[in-house]
Protein chains: 4
Amino acid sequence: MESIKKSKQELRSEETKRSIAEAAGNLFTERGYDTVTMREIAKEANCSHTTIYLYFKDKEALLEQLAIPPLQTLEAAFLSVMNEKSLDPTGKLLEISRHFLRFCLSHKSMVTVIFNVKSVRVDEVNPAGEVNQLRNRLFSHLTESVNRIIPAETSEARINHSRVYFFVMNGMVSTYLNSEEPLEPLLERIIPLLDQSIEIVLLGIKHKLEQVQNPLKGQTKGQKDKEKSKKDKKQKVKKSKIEG
Amino acid sequence: MESIKKSKQELRSEETKRSIAEAAGNLFTERGYDTVTMREIAKEANCSHTTIYLYFKDKEALLEQLAIPPLQTLEAAFLSVMNEKSLDPTGKLLEISRHFLRFCLSHKSMVTVIFNVKSVRVDEVNPAGEVNQLRNRLFSHLTESVNRIIPAETSEARINHSRVYFFVMNGMVSTYLNSEEPLEPLLERIIPLLDQSIEIVLLGIKHKLEQVQNPLKGQTKGQKDKEKSKKDKKQKVKKSKIEG
Amino acid sequence: MESIKKSKQELRSEETKRSIAEAAGNLFTERGYDTVTMREIAKEANCSHTTIYLYFKDKEALLEQLAIPPLQTLEAAFLSVMNEKSLDPTGKLLEISRHFLRFCLSHKSMVTVIFNVKSVRVDEVNPAGEVNQLRNRLFSHLTESVNRIIPAETSEARINHSRVYFFVMNGMVSTYLNSEEPLEPLLERIIPLLDQSIEIVLLGIKHKLEQVQNPLKGQTKGQKDKEKSKKDKKQKVKKSKIEG
Amino acid sequence: MESIKKSKQELRSEETKRSIAEAAGNLFTERGYDTVTMREIAKEANCSHTTIYLYFKDKEALLEQLAIPPLQTLEAAFLSVMNEKSLDPTGKLLEISRHFLRFCLSHKSMVTVIFNVKSVRVDEVNPAGEVNQLRNRLFSHLTESVNRIIPAETSEARINHSRVYFFVMNGMVSTYLNSEEPLEPLLERIIPLLDQSIEIVLLGIKHKLEQVQNPLKGQTKGQKDKEKSKKDKKQKVKKSKIEG
DNA sequence: TATGAATGAGCTTTCATTCAT
DNA sequence: TATGAATGAAAGCTCATTCAT
């Protein structure tokens, strides 16, 4: 597409760049950004460490350029699922969530480095502009997918409820981020957990909403107790300042 | 109380140690153990980096001493709540969860450093022995508190369901860990979110169990669709290998 | 011989390594291993201290690599002399001693660092294994060369007498080790001193042995006095505890 | 003597100074100057490390002040022996040599630090003035004691011959300086070696001089061979440039 | 394009020394 | 007099990065 014919040199050059990116990706993923050295990347990529600087301005740029394509691919996957006619909103949310979980666990460095605002310094001239934009779009896709399912009450309630979804997602990613289990078996094992968790959360939200609309029905003893104890909750919160 | 009179020197010394601990805690939290330097800690604590070594053997000891007492206090709080006669199991879980959330957000360094297994190297001779033991006990207290609520089905189901609780907790902590909002207002704001999230999860689990026991009742359309779509889920998982 | 053509880079690299080794050797010699810093070595070698680490794993490795090849060359010289048919035992000892003195004064660092047991730590896992082996072999070559000359009396007497040789050698090395005179003129000047000293010692030993075999002949007045004074020597030794 | 009455404070102060000096002396002796820290000295002296600075300007001054009294004592011992009527010159030399050896081995730090010119910086304003003067006087006493024994030939010959004595002394000190054997047993063991070595050297010198005066008598085969081989000695020296 | 050589900044840690009480 | 608190200088070493070929 881009060029009908590439000289051997060009091909070789591309291959070098690709192998550097692959090596860096693997190492960042396995051991995080900070602990990986340029020389290690070079060794893994079978080139000199100085060669890396021919293709990437510096270590941080390497990380960024490494991040953008996967994020774009992820967004494409999100959009594809959202436009899938054969799935209902819940199905779409599940599928998107699976994509998201898989992405985070297969690009570990991105979770810590890109999703943590701090590490991508904002004090530079638009250093991670594209990355940030992508990040924001991804989150809004997720939010939208959740909101399509939860019946519209007051927008405040809806927002609060949708947060539970994010907590679960964030929690799953955090929980399995440092797992040493190989990716595929790990996913095979935890995607059912993801499905189940989302199912539970949606079910919980549904019944919570029903409860609010019809407060006398379906309460368990625990719930009633809780209701009672709500009176002094605030006080409890205060009391629990256990640390200096 | 502790001592009637403290010399000015003693006070100064205590203050220095305290400010070092605080600075280290904050910095570890924000940027992790490895990337924070002793000189940075010293700068933040308004002292020379060599002064740190007067109070802490080395960087690792600084981390450990930072961690142990709060963790012990947290465990004491856990036990106190668990023995509280006036609370039902749900109330206990809520209260424990609040303690846990408050702890994580007020000791941010511990979340990244201690709860992430990697950072506390395991290849050394009992490097963080006491820390690890504490950590394990805390988790077992949480697990137990959850299990007291969820009706005993198969133990597998129970374990899986209780995981949702952990995902939510972990997710909340991760979400607000980097918040720059001051601690107390933040907690004031998000503890209702915590209560609500746990409530939703427990409600979801309860109804999920009922569903399983009585599979025909109470299904929503979304649920049925999901059921249908389960057939090709595995295939989907395979298909979604979107990255090399 | 070794390679027909060397690139400029190779030459530069070799020159750098050589100048580092030279600088380190000189400084170790003058001020000992511990007090010399990597930065000082670098300054003397006209390079950055980090450059040293390109050529030597660490400071200890620098020391070792500095020591082994010269020690091997020295042993080769020893063996060559010892197998030289045209020299009688005394001639061999003289020649070997000259080699030894030249070596010590032209590799000053090795005298303090290698011949002083302490500096090469023994508490590590075989830290200077090869160096120690070489060292031991060298000393046994020297011992053997001395023993070929001194007529075999009781082995104890022989050992004691041969020690005088070592004291002289060690003393000469110590005396001229810190000389600032250039090596060649210095050697030109002191090798006659060495020859003379060994000659004197051998002559002394010879006559001492004769004396013992035939105790009445050839005593000087001084000797007789000494003999007399031997009675209270032990007491003198005790008396001479002049320091607390 | 110095003051008829000392206040309790003065006594206590002197005691502190003494205990610091003792501690420093012990540690310097055992482990050398560089490796001993001020805090260690303080610990050994049962005081704070800051207290040391009340009595000694700095670490180097501590070492110096530590050195002077023993050196003075040593000189006094030298003079006492030299004035001893009951000893002949050889007996005096032996006794002085014993004192000297004992001193060096019981004040190890002084050997390396004071007898090695380098370590006592000369670029300061008379930093070690008294120490240097003492040092020089001690050496001249030794030289004189040797010269009283060796029959006066040409002064050049005398000087050269007397050097052998210094080589032996220097060699013995160097050899046993780092011995880990306790001092007293060590001395008990090596003072006979010292006596013997000096005896041999004096005997050797005596016969050497006789040889020179009467060159045909008393040559051994080895000596003759050596004489023969002298022709090409210079050439040998040249040839033995074995190192680059 | 590619690389080996070289470096400056910076890391953790130690130590002699000064400050303030 | 005596001391705990605090510090600057400097150690060995690593790493991302630039230079020269």
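Note: hydrogens, waters and symmetry copies are ignored here, and every other heavy atom, side chains too, is used. Bear in mind the structure is a predicted one, so any value in this text is a computation, not a measurement. Sequence lines set the chain letters: A, B, ... in the order given, protein chains first and strands last, and positions in each chain run from 1.
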Novice: Would you kindly give the CG-to-P distance between C:Leu63 and F:dG12, to the nearest whole Å?
Specialist: 13 Å
Novice: What is the separation between atom CG on B:Asp58 and atom C1' on E:dC11, rounded to the nearest whole Å?
Specialist: 14 Å
Novice: Is it true that the NZ or CZ of C:Lys59 lies under 6.0 Å from the centre of C:Phe28's six-membered ring and within 45 degrees of the ring axis?
Specialist: no
Novice: Under the side chain to side chain contact (heavy atoms under 4.5 Å, CB included) rule, what do C:Tyr33 and C:Glu60 come out as? Steps first, then yes or no, please.
Specialist: CA-CA 9 Å; C:Tyr33 177 77; C:Glu60 199 155 339; 3.7 Å; yes
Novice: Roughly how far apart are B:Tyr53 OH and B:Ile20 CD1, rounded to 0.5 Å?
Specialist: 11.0 Å
Novice: Mind calculating the distance between NZ (B:Lys59) and P (E:dC11) to the nearest angstrom?
Specialist: 9 Å
Novice: Output all residues satisfying salt bridge (charged side-chain N to carboxylate O under 4.0 Å, His left out) with C:Arg39, sequence neighbours left out; order by chain, then residue number.
Specialist: none
Novice: I'd like to check the salt bridge (charged side-chain N to carboxylate O under 4.0 Å, His left out) partners of D:Arg18; sequence neighbours left out, ordered by chain and number.
Specialist: D:Glu15, D:Glu22
Novice: Of all the heavy-atom pairs spanning A:Thr35 and B:Asp34, show the shortest one and how long it is.
Specialist: CG2-OD2, 4.3 Å
Novice: Could you walk me through whether C:Ile41 and C:His49 pass side chain to side chain contact (heavy atoms under 4.5 Å, CB included), step by step?
Specialist: CA-CA 7 Å; C:Ile41 295 170; C:His49 61 281; over 6 Å; no
Novice: Please work out which residues in residues 36-48 of chain B have a non-hydrogen atom less than 4.0 Å from an atom of DNA chain E and list them by number.
Specialist: B:Val36, B:Thr37, B:Met38, B:Arg39
Novice: Could you state the CZ-P distance from C:Phe56 to E:dA6, rounded to the nearest angstrom?
Specialist: 12 Å
Novice: Which atoms form the tightest heavy-atom contact between B:Ala61 and B:Phe56, and what is the distance?
Specialist: O-CD2, 4.5 Å
Novice: Looking at DNA chain F, which of residues 15-24 of chain D put a heavy atom within less than 4.0 Å of it?
Specialist: D:Thr16
Novice: What is the distance, rounded to the nearest whole Å, between atom CD1 of B:Ile52 and atom P of F:dG8?
Specialist: 13 Å
Novice: With rounding to the nearest 0.5 Å, note down the distance linking OG1 in C:Thr16 to CG in C:Leu11.
Specialist: 10.5 Å
Novice: Do C:Gln65 and C:Lys17 pass the side chain to side chain contact (heavy atoms under 4.5 Å, CB included) test, and can you show the C-alpha distance, the side-chain angles, and the key distance before you say yes or no?
Specialist: CA-CA 11 Å; C:Gln65 290 203 37; C:Lys17 180 167 185 177; 3.9 Å; yes
Novice: Write down the distance between CG (B:Asp34) and P (E:dG10), rounded to a whole number of angstrom.
Specialist: 18 Å
Novice: Using five base pairs at each end, measure the axis-to-axis angle across the helix from E:dA2-F:dT21 to E:dT21-F:dA2 and round it to 10 degrees.
Specialist: 40°
Novice: Would you say F:dT1 has OP1 or OP2 under 4.0 Å from some side-chain N or O of D:Tyr55?
Specialist: no
Novice: Looking at OG1 of C:Thr37 and NZ of C:Lys43, how far apart are the two atoms once the value is rounded to the nearest 0.5 Å?
Specialist: 9.5 Å
Novice: Working to the nearest 0.5 angstrom, can you tell me the gap between B:Glu64 CD and B:Asp58 CG?
Specialist: 9.5 Å
Novice: Within the pair C:Thr51 and E:dT7, is there a side-chain N or O less than 4.0 Å away from OP1 or OP2?
Specialist: yes
Novice: Could you run down the sub-3.5 Å N/O contacts of the protein with nucleotides 18-21 of chain E?
Specialist:
none

Novice: Any chance you could lay out the side chain to side chain contact (heavy atoms under 4.5 Å, CB included) test for C:Leu71 and C:Arg135, step after step, and finish with the verdict?
Specialist: CA-CA 8 Å; C:Leu71 287 173; C:Arg135 193 184 86 106; 5.7 Å; no
